[in-house]
Q: 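This is the structure, below, for whatever I ask next.
On a predicted model such as this, the values are computed, not experimentally measured, just so you know. So you know, we letter chains A, B, ... as the sequences are listed, proteins then strands, and number each from 1.
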Amino acid sequence: MSDDKKEENIKANNTGEKGTTIPPHFIRYIIQQDMKTNKWAGRVETRFPPEPNGYLHIGHAKAICLSFGMAEEFGGVCHLRFDDTNPTKEETEYVESIKKDVKWLGFNWGKHEYYASDYFDQLYAFSLQLIKMGKAYVCDLTPEQIREYRGTLTEPGRESPYRNRSMQENLTLFNRMKRGHFKDGEKVLRAKIDMASPNINMRDPVIYRILHAKHHRTGDKWCIYPMYDFTHCLSDSIEQITHSLCTLEFEDHRPLYDWFLDALGVYHPQQIEFARLNLTYTVMSKRKLLQLVKEGHVRGWDDPRMPTISGFRRRGYTPTSIRTFADRIGVAKRDSMVDYGLLEHCIREELNKTAPRVMGVLRPLKVIIDNYPDDLVEEMEAVNNPEDESMGARKVPFSKVIYIEETDFMENPPKKFFRLSPGQEVRLRYAYYITCTDVIKDASGKVIELHCTYDPESKGGGTPDGRRVKGTIHWVSAVHAIRAEVRLYEHLLTVPDPSDEEEDKHFLEYLNPESLEVIENALLEPSLANVKEGQRFQFERHGYFYVDPDSTEGKPVFNRTVTLRDTWGKMVQQNKHD
RNA sequence: UGGGGUGUCGUCCAGCGGCAGGACACAUGACUCUGGAUCAUGGAACCGGGGUUCGAAUCCCUGCACCCCAGCCA
């Protein structure tokens, strides 16, 4: 390795804040080189260019973190530009949601909010210029004919019979297209490049089409709209973008962008492509996400099961956890499928340090402590967060009748079951040791109530004799508990990668019927009586929960963001499969 | 079959002619009033075949596999 390269790599390894190591990636390396050679006069100007035709998803988050992140890191700016060239698909609602999501992630475009539609006049002038140079022509072929003339992947295309119209005729026709003299689809403007090019994008691509549709920003001003390829590279040019970061599928559009830019002799940004994000157990295409919403498979774009940014927000993910995730998955050019577990790891890691602990019983089983005084109520002191002493402690009321988790009791436990069973002593977290003395069942044999005795010496969770109690379970006092709705989420899909399965199956066939379980009446400790939307908690031994906007005065609603790691649950699962 | 890309632990990412490393996941142990957290330990990979070289994941040749492109979508 050359000394220069070594030096750069070392730098790439140490650009993080406060000693944290940011892994190097090829785009960062390119920008570093450009800064070193002063290629762009010290500028780093990127852009995030969404089309406002849907909500942003976690794959967009990766792109946002990259483009905004690089700008931030090198003291540049990142533009937010809406690629709104197709009025039939775009809506203001989407513009608003996109701005909200980018902001929520913690990025700022400042005054650099742009719309491709702002450039329509300029773009029109560019197309006129191309016509005058003999590099664009009006074509009367129907969409079907254009397709036929285009050829195939292995055969060259044929030239359109309209390819050699005079410049004057093209000018006249294009002007009439603009003035609305033709119906949708009747004519298009095409670039005159090379119908025999092995790159299909170069076979006289359409650059303007007729669309008599109202645009969300320009209204009825236009009835011709520029195509993406033409618009996008020129928008980057107009905005003086230095590094235009996009996904792999645009790699073979780059020659076309080069052609437009060179033909018009305008500023030429550098495009760099990277692989888009794929996540296990979910889908990431806007088309599929739109279908999930439109067909009601989920409750909306922000359904906590959706891989949208708004979905993750409502699920309880934090901006930081998503940005951490984006850092950890890295940036490269190979197709990949990231394990959903990594995302879960990122949110657990953060919430473990920040979320206050509380006790909540999801599936209650009544326990009567026979030797506990009938009317006594004791306030037990509970630590709010063992990871952070500064978060203090709270009081949790304890009384004779409590509820514990149904799954924390087994009449005939397997070997390593440390929880409550007849004759086995267990610790009630922050309270007493109890021993089960009697099991009450209903007619069907289902356990409906337990009788226990407690050891008064064990108050707070320990005894003078120092005897070991292996299991600790959570509880709520029956008279003090509040009720809440709790929504438990699982993966959207039952398989990690539907495209890996049988080919003729549609992704909807892999929708997980158990992706949402609603618990109407969970019982929570009373400190949760006045929670506010947006608060996060750890329900001890369950997971992290987020207060949903559906919450009402008397009935909070909690979304489970992610479960705690559960080695016992894993063991049970494995034994089932063995 | 034309063009453009990509192949490194189970997964994601490093590596730039000199001991293949990190993260997640997994396994084992320690600790624990959350079967959480934490700590320690471990298993685990260079697509195949040739070549160049003292030495190849890295350079060359060759094969193979996978992804993208035939919208008047972006």
Q: Look at the side chain of A:Phe250 and decide which nucleotide, out of B:A74, B:G5, B:C26, has an atom nearest to it.
A: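 Of the candidates, B:A74 comes closest.
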Q: Nearest to the side chain of A:Leu248 - B:A74, B:G5, B:C72?
A: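 Nearest to the side chain of A:Leu248 among the choices is B:G5.
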Q: Given that both distances must come in under 3.5 Å, which nucleotide forms a Watson-Crick or G-U wobble pair with B:U6?
A: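 Answer to the pairing question: B:A65, which forms a Watson-Crick or G-U pair with B:U6.
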Q: What is the pairing partner of B:C19, taking Watson-Crick or G-U wobble pairs with both distances under 3.5 Å in any strand?
A: none
Q: Need one value for A:Arg147: base, sugar-phosphate or nothing, where a base atom within 4.0 Å counts as base even if backbone is also close, heavy atoms only.
A: sugar-phosphate
Q: Reckon A:Arg419 touches a base, only the sugar-phosphate, or nothing at all at heavy-atom distances under 4.0 Å?
A: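 The residue A:Arg419 makes base contact.
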Q: If you look at every strand shown and take non-hydrogen atoms under 4.0 Å, does A:Leu342 touch a base, only sugar-phosphate, or nothing?
A: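 Contact class for A:Leu342: sugar-phosphate only.
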Q: What nucleotide among B:A14, B:U1, B:A70 has an atom nearest to a side-chain atom of A:Thr154?
A: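 The closest nucleotide is B:U1.
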Q: Once you apply a heavy-atom cut-off of 4.0 Å, does A:Phe417 come out as touching a base, just sugar-phosphate, or nothing?
A: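 Base, at least one base atom sits under 4.0 Å.
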Q: Under 4.0 Å between any heavy atoms, over every strand shown, what does A:Thr152 touch: base, sugar-phosphate, or nothing? Just pick one.
A: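 Here A:Thr152 touches the bases of the nucleic acid.
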Q: Could A:Lys178 and A:Tyr124 be counted as a cation-pi pair, given that NZ or CZ must be under 6.0 Å from the ring centre and within 45° of the axis?
A: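 Verdict for A:Tyr124: a cation-pi partner in A:Lys178.
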Q: Taking the side chain of A:His25 as its heavy atoms from C-beta onward, which of B:C73, B:A70, B:A14 lies nearest to it?
A: B:A14
Q: Please report the C-alpha distance between A:Glu51 and A:Lys286 in whole Å, then the side-chain angles of each, then the deciding distance to 0.1 Å, and finally whether the salt bridge (charged side-chain N to carboxylate O under 4.0 Å, His left out) criterion is met.
A: CA-CA 11 Å; A:Glu51 183 192 12; A:Lys286 270 197 200 172; 5.0 Å; no
Q: Could you please name the option among B:U34, B:A37, B:C12 that lies closest to any side-chain atom of A:Thr472?
A: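 Within the option list, the nearest is B:U34.
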Q: May I have the distance from A:His345 (atom NE2) to B:A37 (atom P), rounded to whole angstrom?
A: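 Value for this atom pair: 10 Å.
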Q: Could you check which of B:C12, B:G36, B:G35 has an atom nearest any side-chain atom of A:Asn352?
A: B:G36
Q: In whole Å, what separates the P atom of B:C69 from that of B:U62?
A: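 Nearest-Å result for B:C69 against B:U62 at atom P: 28 Å.
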Q: Determine whether a donor-acceptor pair (one donor, one acceptor, N or O, separation below 3.5 Å) exists between the side chain of A:Glu144 and the base of B:G71.
A: no
Q: Does the gap between the ring centers of A:His474 and A:His542 come in under 6.0 Å?
A: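 So the answer is yes for these two rings.
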Q: Looking for any heavy atom pair under 4.0 Å, which part of the strands does A:Glu249 touch: base, sugar-phosphate only, or nothing?
A: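 It contacts sugar-phosphate atoms only.
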Q: Side chain of A:Thr85: nearest nucleotide among B:U34, B:A70, B:A74?
A: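 Shortest atom-to-atom distance from the side chain points to B:A74.
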Q: Consider the side chain of A:Leu153, meaning its heavy atoms from C-beta on, and name the nucleotide among B:C24, B:U6, B:C69 that approaches it most closely.
A: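 When the side chain of A:Leu153 is considered, B:C69 is the closest of B:C24, B:U6, B:C69.
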Q: Phosphate oxygens OP1/OP2 of B:A37: is one of them under 4.0 Å from a side-chain N or O of A:Arg565?
A: yes
Q: Determine whether the side chains of A:Thr463 and A:Glu457 contain a donor N or O and an acceptor N or O closer than 3.5 Å.
A: no
Q: Side chain of A:Leu564, heavy atoms from C-beta onward: which of B:A74, B:U34, B:G35 has the nearest atom to it?
A: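 Within the option list, the nearest is B:U34.
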Q: Return yes if the base of B:U34 and the side-chain atoms of A:Gln538 contain a donor-acceptor N/O pair under 3.5 Å, otherwise no.
A: yes
Q: Indicate, with a heavy-atom threshold strictly under 4.0 Å, whether A:Tyr430 touches base, sugar-phosphate, or nothing.
A: base
Q: Just name whichever nucleotide pairs with B:A40, Watson-Crick or G-U, keeping both distances under 3.5 Å, else none.
A: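 Answer to the pairing question: B:U28, which forms a Watson-Crick or G-U pair with B:A40.
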Q: For the side chain of A:Arg334, starting at C-beta, report the closest nucleotide among B:G35, B:G7, B:G3.
A: B:G7
